[in-house]
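A short write-up of the structure that comes next.
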Amino acid sequence: MKHYPCHIRGGNVMARTQPFDPQEHPFELRHEVKRLNGRLDYIADLLEKAEFKDILENYTSPKKRILTNFMAGLSRGLGLSVGTFVVLGLLGWVLSLFVDIPMVGDYIKELQDYIKSKP
């Protein structure tokens, strides 16, 4: 008597002692194959939507990976510089609106004079 691999479900171990005979259960086999084909189609669709092939092609080629990372770093640096410029410009403009306020205005006026005096 042959012993086939065990299937574990919910902590119970059920040993299969006989091979599955397709002649005895043709409907169950067709149903199982249909179910498995449906799952494979679903997995294939998910991989297509995730563009898995493109990701693998990009990350297996060192030249593409280096170029992609270089461009990403360049974009981040440029974006950070432009963003800092815009935020500091807006901050300076907003502070210039408060020059006429008695207590805060003196400090802001000194700050503006200091910035203008530097080359």
Side-chain angles (χ1 to χ4, degrees):
M1 179 193 256
K2 281 188 167 181
H3 185 72
Y4 290 93
C6 298
H7 296 285
I8 300 175
R9 287 192 179 126
N12 298 331
V13 176
M14 301 183 314
R16 291 181 74 187
T17 55
Q18 296 177 354
F20 193 70
D21 186 14
Q23 297 300 325
E24 290 180 25
H25 307 286
F27 177 75
E28 285 83 2
L29 269 180
R30 275 187 261 132
H31 178 67
E32 186 70 17
V33 168
K34 188 176 182 181
R35 187 181 68 83
L36 289 174
N37 280 338
R39 290 188 74 184
L40 284 174
D41 289 339
Y42 176 72
I43 291 170
D45 288 341
L46 285 179
L47 289 176
E48 276 183 29
K49 287 178 185 174
E51 297 176 359
F52 194 68
K53 181 183 171 200
D54 294 336
I55 292 170
L56 281 179
E57 286 175 359
N58 284 334
Y59 280 99
T60 54
S61 170
K63 288 181 183 177
K64 283 185 179 179
R65 196 170 354 138
I66 289 170
L67 182 65
T68 302
N69 286 332
F70 175 73
M71 294 304 288
L74 195 64
S75 299
R76 285 186 194 112
L78 184 64
L80 183 65
S81 299
V82 170
T84 302
F85 176 76
V86 168
V87 168
L88 289 178
L90 286 173
L91 182 65
W93 176 72
V94 168
L95 284 177
S96 71
L97 297 176
F98 293 106
V99 171
D100 297 331
I101 297 177
M103 296 185 85
V104 180
D106 296 334
Y107 177 72
I108 294 174
K109 183 68 173 160
E110 286 178 25
L111 186 62
Q112 280 182 337
D113 292 339
Y114 176 76
I115 292 172
K116 287 180 183 176
S117 69
K118 294 294 178 181

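Given the structure is predicted, the values throughout are model-derived calculations rather than measurements. When a residue number appears, it is its place in the shown sequence, counting from 1.
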Exercise. Mind checking whether Leu91 and Trp93 sit in one hydrophobic cluster, side chains of I, L, V, M, F, W, Y counted as touching below 4.5 Å?
Worked result: yes
For this session: Mind jotting down which residue pairs meet the salt bridge (charged side-chain N to carboxylate O under 4.0 Å, His left out) criterion with at least one end in residues 33-43? Sequence neighbours excluded, please.
Result: Glu32-Arg35
Exercise. Measuring from Leu95:CG to Tyr107:OH, what's the distance to the nearest 0.5 Å?
Worked result: 9.5 Å
Seminar exercise, completed: Besides Tyr42, the hydrophobic cluster formed by Ile, Leu, Val, Met, Phe, Trp and Tyr side chains linked at under 4.5 Å, directly or via other members, contains Leu46
Problem set entry | Qualifying residues under side chain to side chain contact (heavy atoms under 4.5 Å, CB included), relative to Leu67, sequence neighbours excluded | Met71
Problem set entry | All pairs passing side-chain hydrogen bond (donor to acceptor under 3.5 Å, both in side chains) where residues 63-85 contributes a residue, at least two apart | none
Problem set entry | Spatial distance of atom CG (Asp106) from atom CG (Leu111) [nearest 0.5 Å] | 12.5 Å
